[in-house]
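Here's the structure we're looking at; comments come further down.
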There are 2 protein chains.
Amino acid sequence: MYCFINGNILPVEEAKIGITDIGLLRSYAVFDYMRTYNGKPFGFEDYIVRFRNSAESLRLQLNYTDEEIKSTIIRLVEKSNVKEAGVRLLLTGGYSSDSISFDNPNFIIVIEKLPVYPSSYYQHGVKLITDEFQRAVAGSKTTDYLNAIKLEPIKKEKGAFDILYHKNNLVLEVARNNIFFFKNNTLITPKDDILKGITRKHVLLLAKDHFKIEERAVSVSEMWDMDEVFLTGTSKKIIPVVQIDEQHFSNGKPGANTKKLMEVFDVFVNNY
Amino acid sequence: MYCFINGNILPVEEAKIGITDIGLLRSYAVFDYMRTYNGKPFGFEDYIVRFRNSAESLRLQLNYTDEEIKSTIIRLVEKSNVKEAGVRLLLTGGYSSDSISFDNPNFIIVIEKLPVYPSSYYQHGVKLITDEFQRAVAGSKTTDYLNAIKLEPIKKEKGAFDILYHKNNLVLEVARNNIFFFKNNTLITPKDDILKGITRKHVLLLAKDHFKIEERAVSVSEMWDMDEVFLTGTSKKIIPVVQIDEQHFSNGKPGANTKKLMEVFDVFVNNY
């Protein structure tokens with residue numbers, strides 16, 4: 001797999017960054033993650049807009065045009081000799097002499113093996129566990145995953161697929177994904193203090209021909225009363241959720257509306 | 001300045017880390033920061049215990065003994081040809097193939113120029129601004145400084161020296177330091193959900209011969225009624241605080257009790 005780092009293309013395992021990078025010393029960095037379908041970066045325009053918004057929220061300059069970034073991604077994917085791949089963009093504050101100030105960001109593009117999830121996740125659904133937490137810059141895709149990685153052993157111990165965050169009694173997001181609910185055939189998903197996924201966006205667009213949609217605050221107590229639950233993510237697409245903590249949803253099986261949306265989404269990306 | 005990275009000693013500007021380090025990709029890292037007085041690492045035993053506790057809280061293995069670390073620090077300080085220096089220890093989760101799992105931490109020691117603060121800060125005191133925030137792993141010294149670095153422009157705009165965090169109406173800590181108050185000659189400092197500073201510890205030990213001490217929760221509303229305020233930190237020692245947001249303390253000048261503690265602390269470290 002190949003990567004791009006400040007203008008140079010080289011194998012990922014040879015790419016290095018200086019130890020005074022403020023992304024490393026102070027967690028001051030944004031990233032984004034897209035994937036290819038049929039060898040093409042899917043939804044590039046959406047991902048790059050979000051990446052630029054994240055960068056701007058931390059006052060980080062991205063000194064490359066969309067066209068330069070897109071052509072670099074295509075070149076890296078070809079050079080890495082993979083058809084379907086994950087593509088990580090990372091922009092750190094750059095080197096800092098005092099661990100506070102910075103002025104010259106480091107920009108990295110990494111081609112990664114696309115994670116493959118067991119088909120049983122899609123057929124039978126997964127379990128989430130809840131945790132009270134909100135990321136420091138909730139609307140931006142920063143590298144702020146300390147809490148999520150710290151909870152990995154608890155996740156494994158409980159047999160959970162991922163962690164659902166809530167704060168001030170409101171449901172927010174899964175550690176790396178967005179959450180959706182069905183109640184009486186209405187599709188409901190949280191709106192504020194979350195990272196708005198690109199898959200979330202496509203699901204909302206595709207769903208509007210089939211369901212009533214509500215983007216709004218969802219309280220934790222309301223969540224327990226939902227009919228169906230699923231999560232969305234770039235590499236995961238739509239995965240049904242059949243259990244949150246000790247509570248089962250849709251009789252412990254993927255719900256009919258969720259299955260419908262999974263079909264619609266698959267048709268959409270397979271035609272990309 | 002020299003550094004140590006996984007067994008190798010080299011100039012700081014030549015030290016690099018691979019881009020798949022989970023400290024960089026997911027902010028999964030702990031650090032600590034000590035300084036020398038008279039060329040010797042001050043309070044090494046306290047800092048190394050805290051560093052090991054931070055590492056343990058993130059399940060990070062530190063594969064070096066205290067003696068190895070101490071002798072490496074002394075060697076690096078000598079090689080860097082500085083008398084007084086800052087010493088940063090950094091332990092990341094190490095390289096990760098999936099940005100989640102890890103098993104071989106990267107350990108780094110960096111010798112840094114010790115920051116020098118203007119004498120006016122000590123003579124006239126500084127201003128803090130408040131922000132509602134609590135770090136994700138509050139008792140550990142992680143690299144979770146995204147919020148603090150993000151607020152730098154606001155800090156500068158308001159002419160503030162640093163940011164005082166509070167959460168759920170309780171005063172916590174300054175972004176990089178601990179906070180203390182005097183009320184009716186009693187020294188009061190927050191106790192929970194903070195990073196317990198080594199300078200904080202020494203100040204509490206030194207103060208107990210002179211003042212009544214209370215380590216306990218301090219509400220934001222109680223804070224506004226305090227007589228004197230100061231902050232403590234490894235490189236800053238004791239700095240008087242004369243303003244928080246729009247409120248002035250001790251008539252806008254360092255208070256008498258604070259000045260007394262500053263003298264006692266200086267005598268203590270100069271005899272180290």
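In what follows, chains are A, B, ... by sequence order, proteins preceding strands, each numbered from 1.
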Let me know if [X] has heavy atoms under 4.5 Å from chain A in its side chain, its backbone, both or neither.
| X | result |
| --- | --- |
| B:I108 | side chain |
| B:D21 | side chain |
| B:V110 | side chain |

- request: Could you check whether the rings of B:F107 and B:Y64 sit parallel, tilted or perpendicular, using 30° and 60° as the cut-offs?
  value: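 Taking B:Y64 first and then B:F107, their aromatic rings sit tilted (interplane angle of 30° to 60°).
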- prompt: NZ/A:K141 to CZ/A:R50 distance, rounded to the nearest 0.5 angstrom?
  reply: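 A:K141 atom NZ to A:R50 atom CZ measures 5.0 Å (nearest 0.5 Å).
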- prompt: Top residue by heavy-atom pair count (under 4.5 Å) with chain B, among A:F102, A:Y145, A:F31?
  reply: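 Sorted descending by pairs with chain B, the first entry is A:Y145.
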message: Quick check for you: among A:I22, A:L58, A:I5, which has the greatest number of heavy-atom pairs under 4.5 Å with chain B?
response: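 Ranked by heavy-atom pairs under 4.5 Å with chain B, first place is A:L58.
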query: Side-chain contact, heavy-atom cut-off 4.5 Å: A:L24 with B:T143?
result: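 A side-chain contact under 4.5 Å is absent here.
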field: Aromatic A:Y37 / basic A:R35 pairing, under 6.0 angstrom, 45° off normal
entry: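 Yes, A:R35 sits over the ring of A:Y37.
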field: Distance under 6.0 Å and angle within 45° of ring axis: A:K127 vs A:F161
entry: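 So A:K127 doesn't make the cation-pi contact.
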- request: Scan side-chain atoms only and decide if B:S140 and B:T142 contain a donor-acceptor pair under the 3.5 Å cut-off.
  value: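 There is no such pair (donor and acceptor under 3.5 Å, judged by atom type) between the side chains of B:S140 and B:T142.
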message: For a quick check under 3.5 Å, do B:Y33 and B:S235 share a side-chain donor-acceptor pair by atom type?
response: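 Their side chains do not contain a donor-acceptor pair, so the 3.5 Å distance test is not met.
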message: Using only non-hydrogen atoms and a strict under-4.5 angstrom cutoff, which residues of residues 83-93 of chain B touch chain A?
response: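 Checking residues 83-93 of chain B against chain A gives B:R88, B:L90, B:T92.
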task: Return the minimal non-hydrogen interatomic distance between A:T199 and A:K237, and the atom names on each side.
output: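 Smallest interatomic distance, heavy atoms only, reads CG2-O, 3.9 Å.
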